[in-house]
Structure formats: C-alpha cells, structure tokens
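Structure, as structure tokens:
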Amino acid sequence: MRLFWIIALLLPSLALAGPTEDLLARLGGLHSLAGGFQQTVVGEGGERARDSTGTMEVARGNRFYWHTERPYEQLAVSDGRQVWVYDPDLEQVVVRPLTQDLGQTPALLFGGDPQAVSKAFSISEQSREGDRVTYRLKPKGGDPLFDTLDVTFDGDEPRSMRLEDALGQKTIIDFRDLTLNGEPTPGRFQFQPPEGTDVIRQQ
C-alpha cells in the first residue's frame, strides 16, 4: 500500500514535465555524437532541389565537424571558438568567429549548452509515437536562418532535423549509424589548411 502512495505522489511531477524539460533532458545526456548523414533540400514548391551525404561529429563545448562528401565536397569545422569552412574545389577556406546564436548555427543544438536551447527557442511537441518524438523549435531571436526546426528522437538517439525558412524551403537531415557519447576523434575539431589554400578571415 505504501508503494502505491509513493507512485501516486510521483505522478503529478512527471506529468508536469513539458516539451522543453523533456528535450533538455535528452540533450543533457548527449556529450558527443558521431555518424553519417543524408541531407535533402526541398524547394518552396515541393521540388527536390539537391541531395548530399557525408559524415559528422559533434561534441560538447560547441565543437563540430561536418564533412559533406557528395556530390560536392565541403568541410565545416569548429573548435568552439572559430569556424573553418573549406571548399577543396575552390582551394579556399573561410575562417570566422563562432557565433553563439543557435538560430544561426543549428549544429550547436547537440554540441552547445542544453540550457541555452530554452533561451534561444520556443519549444513544443510536434508528434509522439512510442519512443519516437518530434519537437518543434522556433527561434526567439531576430534574423534567424530558419523559421522552424523540427528535431526527432527515437529514445535517446537523434534521428533527424528538419529546417524550414521563411520562403518555405526545407532542409531535411537524416542521421545514420550514430555513436553516442564516444571519445571524440583526436584532432577532429582542428583544421590546418592544405598548402596553397587561400585563407579568408572574417570578423
């Protein structure tokens, strides 16, 4: 009988856990994330504009490695302070300070401070089916890159991100073969431009 009352006392507090607390709990359990991705861009009219694939790695401390391999290679790397965006076809790398604005850098959703997410976004639950849940994030700040960001989890594992801008263009990122909370690859979040690369520094 005593166990029944303990459970009964816990139920109201569990019911009060809304979408924001639920999402922050999932993000709080992620310290690193690595795997593959497929990215699809859909135009405002619904036409499929382009597909790309690659590998990614994200770690707490605003560090990320985002390598688009096909159809055109491009690499974005951050050590938490600055970002390198390298285009091997142009033999050019752009180096700029990392903005802490989550509305400008969606990759920081998994590699930044989880508590900053609730300050940057209004969060609601878009759908839930078993262990699979989708949250909708709307930026609170001005001039974001997107109007809405939907992030889907299956249990504790991120499955996809879907961004939509003011013109109706959608970017869908599906994650594949993820490893959660593994040791980051040594040197992954540093970039040394190849010899002969033009380096463009932005402030």
Side-chain angles (χ1 to χ4, degrees), residues 3-40 42 55-66 78 80 98-166 168-184 189:
L3 179 61
F4 169 81
W5 286 112
I6 292 173
I7 294 173
L9 288 170
L10 284 174
L11 284 176
S13 62
L14 292 174
L16 290 175
T20 298
E21 294 78 11
D22 196 22
L23 175 59
L24 295 190
R26 293 176 195 269
L27 294 176
L30 285 175
H31 299 282
S32 69
L33 185 68
F37 68 87
Q38 177 172 335
Q39 181 171 311
T40 301
V42 179
T55 56
M56 51 78 70
E57 189 165 347
V58 179
R60 193 65 60 83
N62 295 329
R63 298 174 294 165
F64 62 82
Y65 171 96
W66 199 274
S78 171
L98 175 67
T99 175
Q100 302 300 310
D101 185 352
L102 294 176
Q104 297 289 332
T105 314
L108 297 185
L109 180 67
F110 299 121
D113 177 6
Q115 295 304 318
V117 175
S118 61
K119 297 177 182 178
F121 299 104
S122 299
I123 302 168
S124 61
E125 187 177 295
Q126 186 71 0
S127 65
R128 181 183 291 267
E129 185 176 345
D131 291 334
R132 194 177 185 90
V133 57
T134 298
Y135 304 94
R136 172 156 291 182
L137 287 68
K138 293 188 175 183
K140 295 178 179 178
D143 197 30
L145 288 178
F146 52 89
D147 274 6
T148 61
L149 165 60
D150 291 349
V151 56
T152 298
F153 280 80
D154 194 346
D156 294 327
E157 184 171 319
R159 286 296 187 184
S160 67
M161 297 172 69
R162 180 180 181 274
L163 300 88
E164 183 168 348
D165 65 22
Q169 178 173 281
K170 303 174 184 66
T171 301
I172 303 163
I173 303 169
D174 292 314
F175 300 115
R176 299 174 171 177
D177 303 320
L178 291 182
T179 298
L180 307 184
N181 298 330
E183 253 336 283
F189 306 115

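Everything numeric in this text was worked out from a predicted model, so none of it was measured.
The local environment of CG in D156 is sparse, with at most 12 non-hydrogen atoms from other residues, nucleotides or ligands closer than 6.0 Å.
Side-chain contact between L108 and S78 is absent, with no heavy atoms from C-beta onward closer than 4.5 Å. Under the 4.5 Å side-chain criterion, counting only non-hydrogen atoms from C-beta, R128 is in contact with D22.
The side chain to side chain contact (heavy atoms under 4.5 Å, CB included) with L137 is formed by just one residue from the set V151, D150, T20; it is V151.
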Between M56 and F110, does the side chain to side chain contact (heavy atoms under 4.5 Å, CB included) criterion hold? Intermediate values first, please.
CA-CA 12 Å; M56 51 78 70; F110 299 121; 5.5 Å; no
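Relative ring orientation between F146 and F121 is described as parallel, the plane-to-plane angle staying below 30° on a 0-90° scale split at 30° and 60°.
Between D147 atom CG and E164 atom CD the span is 7.5 Å, to the nearest 0.5 Å. Remark: I123 CD1 to E125 CD distance equals 12.0 Å, nearest 0.5 Å. One distance of note links CZ of R63 with OG of S32; it measures 8.5 Å at 0.5 Å rounding. Between atom CG of residue L27 and atom CZ of residue R60 there is a gap of 8.0 Å, rounded to the nearest 0.5 Å. Taking CZ of F153 as the reference point, atom OH of Y135 lies at 7.0 Å (rounded to 0.5 Å). Rounding to the nearest 0.5 angstrom, the gap separating the CG atom in L163 from the CD atom in Q39 is 8.5 Å.
Here the shortest heavy-atom pairing between Y65 and F189 reads N-CE2, 3.9 Å.
Applying the side chain to side chain donor-acceptor pair (under 3.5 Å) test to every pair with at least one member in residues 107-118, sequence neighbours left out, gives no pairs at all.
A search for salt bridge (charged side-chain N to carboxylate O under 4.0 Å, His left out) contacts involving R159 returns D154, E157, not counting sequence neighbours.
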Taking only distance into account, with no hydrogens and no angle test, what donor-acceptor pairs under 3.5 Å do side-chain atoms of residues 168-180 form with protein atoms, sequence neighbours excluded?
{"unit_1": "K170", "atom_1": "NZ", "unit_2": "G168", "atom_2": "O", "d": "3.4"}
{"unit_1": "R176", "atom_1": "NH2", "unit_2": "Q38", "atom_2": "OE1", "d": "2.3"}

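A donor-acceptor pair under 3.5 Å is formed between the side chain of N181 and the backbone N or O of G29. When atom types are taken as modelled, the side chain of R136 and the backbone of S127 share no donor-acceptor pair closer than 3.5 angstrom.
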